[in-house]
Amino acid sequence: MPPGGNGVISMGPGCPVVLPLTIAHQCGQAFRWRKVLVPLQGKESRRLEWSLCLRDRVVFVTQDGANHSLAHRTVYNSNPEPFSTAAWLRDYLNLDTPASQWFAEWSEKDPIFAKHANRFSGGNILRQDPWECLCAFICSSNNNIPRISQMVHKLCEHFSPLLHVEQYPKGSRLCHSLDVNELAEASTDALCLAYHPFPTPSRLAEPDVEGRLRELGFGYRAKYLAQTAYALCEKARESLGFNASAEKIDQRVYANLLELRSLSYHDARNQLLPLSGVGPKVADCILLMSLDQASSIPVDRHVFQFAERWYGIRTKRYEEVAEKLRAVWGERAGWAHSFLFYADLPSLDFYDSNDHMGAYNTEEDKKQDLLLSSAHQTEFDQEMGPEAKLDTTQYPYLTVKSEPDETSLNLVIKDDSHLSDTPETIKHEQSSPDEPHQRPTLKRARTARHRAKP
DNA sequence: CAGGTC
DNA sequence: TCTGG
């Protein structure tokens, strides 16, 4: 049994990966990371802790205030696999790519990039698990990012075992937006979160899955997921023989998907397109974010929009837009495209790299913390009442609550069927701009660029 | 309406 | 077109 698995990863000045610009679900790459604001503890200032459940472990990551290093700890299950979390993080976060250098190159080549996307320097494209990536982007069709994230979490809760429950210190707060000062839960309870791994292909290939996914609100995507899982497992079974175990089949499915990394863009794409629920856009997302195809440009409605408005590309033909944008940015066009996509996301309007958003380890942050934490908490209590709870109708998958001094085993794990009648849940009204909850980091005004075209 | 697909 | 924020 491995020990705690703590460690620090230092990032060179050439690759200052900023976690809120990569793993936050608002960015639309990974949808499963949780972000918890852990309050002041002794001499330490408050900090943001990101966490994700892998197959055999839960990984917790905190970035330092200057974005130069990542501190991580790991909780394993009873049968850990032999790979180090540090190595996994380095690979997953693509820490060895000189992304900041690329930002400079894109900005030099393209004044439009310089103007709209260079503020996302520190962003990065992840190197994700292809199976999870495939499922997540099947869910993404005709869908919004919060619900994609919700659906991915539902997959984990309902189709994979509970691996770990983390009990966070009192006053810890689950964050939903990029702004850690968001209006959020005023909890005196200990925050407890349940961690399930992403489900295996063989589990999602079982016959009951489509129906259950429909009950869970997946709509027409239920069939896509079930069919894709089944197709991949059947292909693996053919090469393994009829008596292959589920474990062997899963391993083969993962291996088959990873092999796509060694293929050309077009060959890998043609392997993905026959899968149910995978069209050109979804395929390009998977290629870009999990299969090493840095030139892949997923063309969605946002891209059509800025291609026309900023680059004068008028066509509605998918391949033509992608080709013309590749001509602008070159071989890593898919990376460049992602940060222009960020520029079009309302949820990233308020992102400011100079704030070290979400790091909160500097002395100044600490001072501000001391001033604000008590004051803001009081304000919050006066308005919402001390019993105010998170709006769980918005993020039902996030909540596993416990009473203040409960042991970790006596948990109330939130069940969807009780969602409609939780009397304690207070619905938070949206605060208007002049209310006290509007915190100082909300600097940038919402522009009109998302609205109607002339 | 929301990062399409069949 | 499924569905909900």
Side-chain angles (χ1 to χ4, degrees), chain A residues 24-31 117 120 123 125-126 128 133-155 176-177 182-183 210-228 231 269 272-290 296-309 316-319 321-322 325 334-349 390-398 416 419-420 425 427-430 449-453:
Chain A
H25 75 257
Q26 288 86 359
C27 298
Q29 287 196 67
F31 299 96
F120 298 117
I125 300 298
L126 300 170
Q128 299 190 66
C133 202
L134 170 61
C135 295
F137 283 99
I138 286 175
C139 294
S140 79
S141 71
N142 203 336
N143 206 351
N144 53 54
I145 289 176
R147 190 155 81 113
I148 298 165
S149 183
Q150 184 189 47
M151 288 162 81
V152 170
H153 279 272
K154 277 185 179 173
L155 285 177
H176 300 128
S177 76
E182 68 191 2
L183 182 62
E210 183 186 337
R212 288 195 57 198
L213 287 177
R214 285 196 180 275
E215 292 170 14
L216 292 169
F218 280 63
Y220 55 79
R221 304 166 198 87
K223 179 175 270 181
Y224 297 162
L225 280 171
Q227 286 182 342
T228 289
R269 198 172 194 249
L272 294 175
L273 286 174
L275 297 172
S276 177
V278 181
K281 191 267 177 182
V282 169
D284 281 331
C285 286
I286 300 162
L287 290 164
L288 174 66
M289 300 174 203
S290 71
S296 171
I297 298 182
V299 182
D300 52 46
R301 51 192 303 121
H302 292 269
V303 177
F304 276 119
Q305 200 174 322
F306 72 64
E308 179 174 354
R309 181 158 19 85
K316 293 288 183 196
R317 290 171 53 193
Y318 186 104
E319 307 296 344
V321 173
L325 288 175
W335 284 55
H337 132 278
S338 296
F339 306 114
L340 272 171
F341 172 74
Y342 285 11
D344 213 43
L345 286 179
S347 57
L348 292 185
D349 272 359
L390 179 69
D391 178 6
T392 54
T393 57
Q394 193 174 5
Y395 291 94
Y397 58 87
L398 294 165
D416 289 339
L419 259 182
S420 50
T425 301
K427 184 117 183 162
H428 294 168
E429 299 301 326
Q430 292 193 338
R449 66 179 184 271
H450 308 291
R451 307 197 182 98
K453 286 175 279 187

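Convention: sequence-line order gives letters A, B, ...; per-chain numbering from 1.
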- Query: So does A/Gln150 get a side-chain nitrogen or oxygen closer than 4.0 Å to the phosphate oxygens (OP1/OP2) of C/dG5?
  - Reply: yes
- Message: I want to check something: taking the side chain as every heavy atom from C-beta on, are A/Leu287 and A/Arg269 in contact at a cut-off of under 4.5 Å?
- Response: yes
- Message: Classify A/Val282 by what it touches in the nucleic acid, base, sugar-phosphate, or nothing, heavy-atom distance under 4.0 Å.
- Response: sugar-phosphate
- Output yes when a side-chain donor or acceptor of A/Arg221 lies under 3.5 Å from a complementary backbone atom of A/Phe218, and no otherwise. yes
- Item | A/Val278 or A/Arg147, whichever maps to the more 5' nucleotide of DNA chain B | A/Arg147
- Choosing from B/dG3, C/dC2, B/dT5, which nucleotide comes nearest the side chain of A/His302? B/dG3
- Message: Could you tell me if the side chain of A/Leu225 sits less than 4.5 Å from the side chain of A/Cys139, heavy atoms only?
- Response: yes
- Taking atom P of C/dT1 as reference, at what distance in whole Å does atom CZ of A/Phe218 sit? 22 Å
- Query: Taking the six-membered ring for Trp, are A/Phe339 and A/Tyr342 parallel (under 30°), tilted (30 to 60°) or perpendicular (over 60°)?
  - Reply: perpendicular
- Message: Please report the distance, rounded to the nearest Å, between CD in A/Gln305 and P in B/dG3.
- Response: 11 Å
- Near-ring test A/Tyr224/A/Phe137, centroid separation under 6.0 angstrom: no
- Message: Nearest to the A/Pro280 side chain among B/dT5, B/dG4, B/dG3, which nucleotide is it?
- Response: B/dT5
- Whole-Å distance, A/Asn142 CG to B/dC6 P, equals 13 Å
- Message: From CE of A/Met151 over to C1' of C/dG4, roughly how many Å is that when rounded to an integer?
- Response: 11 Å
- A/Leu348 atom CG is separated from B/dG3 atom P, nearest whole Å, by 11 Å
- Across every strand shown, the nucleotide meeting Watson-Crick or G-U wobble geometry with C/dG4 (both distances under 3.5 Å) is B/dC1
- In terms of side-chain heavy atoms of A/Pro298, which of B/dA2, C/dT1, B/dG3 is nearest? B/dG3
- 5' priority, DNA chain B, between A/Tyr224 and A/Lys281 [closest heavy atom]: A/Lys281
- Task: Please evaluate the base of B/dG4 for a donor-acceptor partner in the side chain of A/Tyr318 within a cut-off of under 3.5 Å?
- Result: no
- Given atom OH of A/Tyr220 and atom P of B/dC6, what is their separation to the nearest angstrom? 10 Å
- Task: Please state how far atom CG in A/Asn143 lies from atom C1' in B/dT5, giving the value in whole angstrom units.
- Result: 13 Å
- Message: Check the orientation of A/Phe306 and A/His337. Use parallel for under 30°, tilted for 30 to 60°, and perpendicular for over 60°.
- Response: tilted
- Query: Which part of the nucleic acid, if any, lies within contact of A/Cys27, taking any heavy atom under 4.0 Å across all strands shown: a base, the sugar-phosphate backbone alone, or nothing?
  - Reply: base
- Answer yes or no: side-chain N or O of A/Arg221 and base N or O of C/dC2 forming a donor-acceptor pair under 3.5 Å. yes
- Message: So A/Ile145, base contact, sugar-phosphate only, or nothing? Heavy-atom distance under 4.0 Å.
- Response: base
- Message: Base, sugar-phosphate or nothing for A/Gly28? Non-hydrogen atoms, less than 4.0 Å.
- Response: base
- Query: Which whole-number value in Å describes the distance from A/Glu215 CD to C/dC2 P?
  - Reply: 17 Å
- Just checking A/Leu213: base, sugar-phosphate only, or nothing, at a heavy-atom cut-off of under 4.0 Å? nothing
